[in-house]
Amino acid sequence: MTSTSNAPAVPDVQAYRAQLLYFRDTPKAEDEACEWLRDGLLVVRDGKIEQCGEYDQLIKDLPTGIAVHDWRGRLITPGFIDTHIHYPQTDMIASPAPGLLPWLETYTFPTERRFENPAYAEEVAKFFLDELLRCGTTTALVYCTVHPGSAQAFFEESHARNLRMVAGKVMMDRNCPEYLRDTAETGARDSEMLLQRWHGTGRQLYALTPRFAPTSTPEQLGRCRELAQRYQDVFIQSHVSENQDEVKWVMSLFPGHRSYLDIYDDYGLLRPRAVYGHCVWLDDDDRRRMRDAGAVAAHCPTSNQFLGSGLFDFASARDFSMPVTLATDVGGGSSFSMLQTMNEAHKVARLSGHHLTARRMFWQATQGAAKHLGLTGQIGTLEAGAEADFIVLDPQATPLLERRSARAESLEELLFALAMLGDDRAIAATYAAGREVHRRGAVQ
């Protein structure tokens, strides 16, 4: 089921009874800041969370006549936040290639050419958003294509559903097929037009989106810098240090820079709300600069493994307090599910000798992501005043998950089971701005 502007009106006040899990904004977010209510009540009014607390304490003050949605045996958490994903690559997910650069040439660019057609872009946007909601993702940082119409189609569909999404038109004026190439001038002009139309319209937010350094000339990066200076509250998204061959190529294109990340910094694109996918081959100086600038590393474990790009260094990211979030990176990534992304992130961390707890991963996919994106208090939490984007997780979704969850002796074990064994089937329902936008098993 998908919510649209034509959906029936939602009652002003709604209440949900379940286990409740969220995190408060403190330095030790995954430990002391974890709030777990075994029998909680979530009260939503006009699309925002009004109350979140113990059922026994809140039920007595609930207005007469308000029905309580009974999700006992389930776990309500904030909706997941995916910080790096390509909606135009939906139809090419799971495409074989020996590495990143040939994968781009063989599959990515030809697929993205199809977004010249507005009707095709609209159809893919609908499917893409359905799939995100089915997997419990209520906010994502989304790459469109070089075509302005691809971003227009995405924003129109997201706005119709009243979702909180961040997206942008790709800027790309070299080292790509002619049919996907803009110019420094047209890329900046189209981006500013879309930004002015959509940033802050309803729940939509805009991201300046130079694809990655090798597909933008210095002139285009300079125009992107001008836009970033002019619009201080917009997002910036790109790729950095994903693959060793890519890193070598970039350094040959931009001689004189200390590192790949240094290029973005030199063009004024390293700042709060700047999100860089992958960050596999950073060094300690890069990590320090990311931290000091308030820029965010979007860790994409399924994509990094699928394309053989490398293993993200969690220990070094922690040592330098570099902001890290989790991302699917579809279509290099092999799943829309943030639960499956947690599964792979845990394994990547273990291979580098780091133990990534379930609490940490759930924090990274909710409150942590909101904090690093400058959206604290708006999304990623169940605290009063936040937008009512939340999901219902089902520990009994599959026979194996049910069997393991029944033996969980702590919250960490329960969350770990969901992360290791869960997928889209574990999402019983998804709510956006207080409206149910997905229910497992509902007829589409």
Side-chain angles (χ1 to χ4, degrees), residues 83-86 97-104 108 141 143 170-172 174-176 207-216 218 221 224 235-271 273-329 332-333 341 344-345 348-349 351-352 354 364 372:
T83 55
H84 185 101
I85 188 168
H86 300 254
L100 170 65
L101 299 181
W103 176 82
L104 287 170
T108 305
L141 269 70
Y143 287 65
V170 160
M171 303 168 75
M172 188 162 58
R174 68 168 173 174
N175 292 325
C176 62
L208 297 171
T209 310
R211 187 183 206 108
F212 63 157
T215 52
S216 285
L221 292 177
C224 192
F235 291 80
I236 299 166
Q237 60 181 356
S238 194
H239 302 73
V240 70
S241 298
E242 177 178 358
N243 170 282
Q244 287 183 303
D245 289 339
E246 168 213 17
V247 172
K248 293 176 183 176
W249 183 32
V250 171
M251 298 311 294
S252 72
L253 292 170
F254 292 89
H257 286 84
R258 195 202 68 81
S259 69
Y260 190 165
L261 185 74
D262 184 56
I263 299 165
Y264 295 117
D265 198 7
D266 189 47
Y267 284 94
L269 302 178
L270 211 60
R271 72 177 198 190
R273 289 196 168 184
V275 182
Y276 286 92
H278 305 288
C279 299
V280 175
W281 301 102
L282 301 183
D283 61 20
D284 289 347
D285 187 63
D286 290 330
R287 296 183 184 98
R288 187 181 298 109
R289 292 170 80 177
M290 290 277 286
R291 177 200 65 202
D292 293 346
V296 182
H299 173 40
C300 310
T302 71
S303 173
N304 293 340
Q305 293 181 90
F306 177 75
L307 292 170
S309 297
L311 301 178
F312 183 84
D313 189 342
F314 274 102
S316 294
R318 176 200 59 198
D319 290 345
F320 286 90
S321 300
M322 183 176 75
V324 178
T325 57
L326 298 178
T328 63
D329 192 28
T341 300
E344 297 304 317
V348 167
L351 286 170
S352 62
H354 182 71
Q364 287 176 317
H372 295 322

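Keep in mind that what you see is a predicted model, and the values were worked out from it rather than measured. These values consider heavy atoms only, across backbone and side chains, with no hydrogens, waters or symmetry-generated copies.
Taking the six-membered ring where the residue is Trp, Tyr276 and Tyr264 present tilted rings, their angle falling between 30° and 60°. Aromatic ring pairs are classed by plane angle as parallel below 30°, tilted from 30° to 60° and perpendicular above 60°; the pair Phe314 and His354 is parallel.
A heavy-atom distance below 4.5 Å is not found between the side chains of Asn304 and Val348. The closest side-chain heavy-atom distance from Ile236 to Arg271 is below 4.5 Å. Residues Glu246 and Tyr260 form a side-chain contact, since some pair of their non-hydrogen atoms from C-beta on lies under 4.5 Å apart. The shortest side-chain heavy-atom distance between Val240 and Asp286 does not fall under the 4.5 Å cut-off.
Between Ser321 and Arg291, the shortest heavy-atom distance links the atoms O-CG, 3.4 Å. What you find for Tyr143 and His86 is that their closest heavy atoms are CB-ND1, 3.4 Å. Pairing each heavy atom of Arg211 with each of His239, the nearest pair is O-ND1, 2.7 Å. Minimum interatomic distance between Ser241 and Val247 (heavy atoms only, all atoms of both residues): CA-CG2, 3.8 Å. When every heavy atom of Cys224 is checked against every heavy atom of Leu269, the shortest pair comes out as SG-CD2, 4.0 Å. Nearest heavy atoms, Trp281 versus Ser309: NE1-O, 2.9 Å.
Panel note: side chain Thr328, backbone Gly333; no donor-acceptor pair is recorded below 3.5 Å. Ser216 places no side-chain N or O within donor-acceptor distance of the main-chain N or O of Ala213, the cut-off being under 3.5 Å.
Under the 4.0 Å criterion applied to side-chain N and carboxylate O atoms, Arg289 and Asp292 are not assigned as salt-bridge partners.
Among Asp283, Ile263, Asp266, the single residue meeting the side-chain contact (heavy atoms from CB on, under 4.5 Å) criterion with Arg258 is Asp283.
Rounded to the nearest 0.5 angstrom, Arg273 CZ and Leu141 CG are separated by 10.0 Å. Atoms CG and CG, on Asn243 and Leu307 in that order, are 8.0 Å from each other to the nearest 0.5 Å. Interatomic distance, CZ of Phe254 versus CH2 of Trp249, reported as 10.0 Å (0.5 Å rounding). The CG atom of Leu261 lies 5.0 Å from the CG atom of Leu270; values are rounded to the nearest 0.5 Å. Atom CG of Asp319 sits about 8.0 Å away from atom CG of Asp313, to the nearest 0.5 Å. A distance of 10.0 Å separates NE2 of His372 from OG1 of Thr83, quoted to the nearest 0.5 Å.
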- Stepwise side chain to side chain contact (heavy atoms under 4.5 Å, CB included) check, Leu253 with Asn175: CA-CA 11 Å; Leu253 292 170; Asn175 292 325; 3.7 Å; yes
- With side chain to side chain contact (heavy atoms under 4.5 Å, CB included) as the test, would you mind laying out the steps for Glu242 and Val280 before giving the verdict? CA-CA 5 Å; Glu242 177 178 358; Val280 175; 5.6 Å; no
Table please: side-chain donor-acceptor pairs of residues 294-302 below 3.5 Å, with sequence neighbours left out.
unit_1 : atom_1 : unit_2 : atom_2 : d
Thr302 : OG1    : Ser334 : N      : 3.2

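Taking the centre of each ring, His278 and Phe312 stay at or above the 6.0 Å mark.
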